Amino acid sequence: MENVYDILIVGAGPAGLTAAIYGRRAAKSVLVLEAASYGGQIINTPDIENYPVEAHISGFDFATRLYEQAKGLGAEVRFERVTEIRDGEVKTVVTRRHTYAGRTLILATGSENRKLGLDNEDALVGRGVSYCATCDGAFYRGKTVAVVGGGNTALEDALYLADLAGQVYLIHRRDAFRGEESTVARLRERSNVTFVYNSVVTALHAGERLESVDVTDRSGAVTNLPVDGLFVAVGRVPENQSFAALIRLDEAGYVAAGEDCRTNVPGIFTAGDNRVKSVRQLVTATADGAVAATEAVRYLGSL
Ligand code: NAP
């Protein structure tokens with residue numbers, strides 16, 4: 001462990017990369033560690049329409065510009081999965097390949113896709129089951145697909161797929177959507193979108209690929225729906241398991257930190273969707289990044 005960074009950041013999504021920008025602008029040494037690709041969840045959003053100033057930008061473009069901005073300011077980024085963090089004289093972050101030391105640490109790990117928990121769900125990923133409409137939608141041109149969920153992701157996925165697929169079923173467990181009414185209104189105008197309310201997917205039937213799903217309504221009646229693809233968009237779960245021994249989490253697994261982004265461990269901060277909060281949006285993730293890095297810089301000044 002040769003180098004001690006001023007700020008170690010786990011996660012190169014909007015929160016982590018914004019924290020890197022703020023850290024570098026305060027002239028601190030910054031290393032960002034990312035398990036997958038930069039950008040986090042937003043990279044899969046086809047069109048961001050609610051970020052101030054930019055009326056339309058793709059999630060990929062947004063993430064790429066943010067990444068380049070952080071790199072351009074001198075933030076180091078390494079693509080390694082963090083398996084453990086430790087507190088001590090310095091903060092230690094262990095990846096599969098290396099061990100890194102930092103005077104402060106920002107946890108910006110975001111969240112991962114929630115699964116339906118059906119028997120052969122994992123086995124059918126890539127063979128009809130998908131968690132990313134923009135990644136896989138093109139495979140379903142002219143075909144029949146179903147989207148499960150009632151949040152903004154499900155609504156936007158359904159809208160995106162309506163341009164490609166022949167028929168889109170939007171299956172939601174209640175009769176009111178959690179996502180924005182303006183997107184619901186746009187979906188209602190699409191003749192190839194069918195709303196299936198008060199229903200859940202209870203079984204996946206497949207040969208080589210997914211062939212149909214069982215949909216069960218509130219009365220218990222089961223309908224078999226032939227589909228080529230099933231897009232699961234039922235929310236996210238925080239990725240905090242590797243910190244649970246050290247960092248206080250709430251009962252749902254989110255880091256128990258307030259608007260100051262401070263965790264229970266001095267010098268360790270959190271930012272973005274993995275933190276307890278009421279609004280999980282791009283703008284609140286980037287705001288968290290700014291707050292967490294500013295708090296980290298303040299902490300460094302107190303050492
Ligand atoms: P979400 O808002 O948490 O919605 C998850 C949906 O899945 C809910 O409708 C929920 O039903 C349903 N659900 C959960 N577990 C289920 C299960 N086991 N079986 C069936 N249905 C289930 O998740 P999200 O849509 O991924 O959005 C996450 C956050 O990102 C939200 O804050 C969202 O606004 C934000 N987002 C924003 C944008 C944008 O602004 N452009 C785009 C995408 C996402 P209930 O409603 O009954 O709980």
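Here the structure is a predicted model, which is why all the values come from computation and not from measurement. We use all heavy atoms of the structure for the numbers below, so side chains are in, but hydrogens, waters and symmetry mates are not. Each ligand, and each atom within it, is numbered from 1 in the order the structure gives. Counting from 1, the numbers follow the sequence of the chain as shown.
- If you check the side chains of Thr202 and Thr216, you find a donor sitting under 3.5 Å from an acceptor.
- Considering backbone and side-chain N/O atoms, Arg236 never comes within less than 3.5 Å of an N/O atom of ligand 1.
- One hydrophobic cluster, built from ILVMFWY side chains closer than 4.5 Å, cannot hold both Leu31 and Ile21; they sit in different ones.
- Between Tyr131 and Phe231, a ring centre-to-centre spacing not shorter than 6.0 Å is recorded.
- Assignment of Glu49 to the shell around ligand 1 is not supported, since no heavy atom sits closer than 4.0 Å.
- Taking a cutoff of 4.0 Å between a charged side-chain nitrogen and a carboxylate oxygen, Arg262 and Glu295 qualify as a salt bridge.
- Looking at Val234, Val279, Thr284, it is Val234 that brings a heavy atom closest to atom 14 (C) of ligand 1.
- Taking atom 46 (O) of ligand 1 as the reference point, the nearest protein heavy-atom neighbour is Arg174 NH2, 2.8 Å.
- Gln167 and Thr144 share no donor-acceptor pair across their side chains, judged by distance under 3.5 Å alone.
- One option in Arg173, His172, Arg280 has a heavy atom closer to atom 17 (C) of ligand 1 than any other, and that option is Arg173.
- By the 3.5 Å distance cut-off applied to N or O atoms, Arg178 is counted among the residues near ligand 1.
- A donor and an acceptor atom, one from each side chain of Asn198 and Asp217, are nowhere located under 3.5 Å apart.
- Remark: distances from the non-hydrogen atoms of Asn50 to ligand 1 include one below 4.0 Å.
- When only interatomic distances are considered, the shortest N/O to N/O separation between Gly150 and ligand 1 falls below 3.5 Å.
- Residues Ile48 and Tyr38 share a hydrophobic cluster, clusters being chains of Ile/Leu/Val/Met/Phe/Trp/Tyr side chains in contact below 4.5 Å.
- Looking from atom 41 (N) of ligand 1 to the surrounding protein, the closest heavy atom is Glu156 OE2, 2.9 Å.
- The N/O atoms of Gln281, backbone and side chain alike, include one that comes under 3.5 Å of an N/O atom in ligand 1.
- Side-chain atoms of Tyr51 and Gln281 include no donor-acceptor pair closer than 3.5 Å.
- What sits closest to atom 23 (O) of ligand 1 on the protein, heavy atoms only, is Gly235 CA, 3.3 Å.
- Geometrically, ligand 1 and Thr153 share a nitrogen or oxygen pair separated by less than 3.5 Å.
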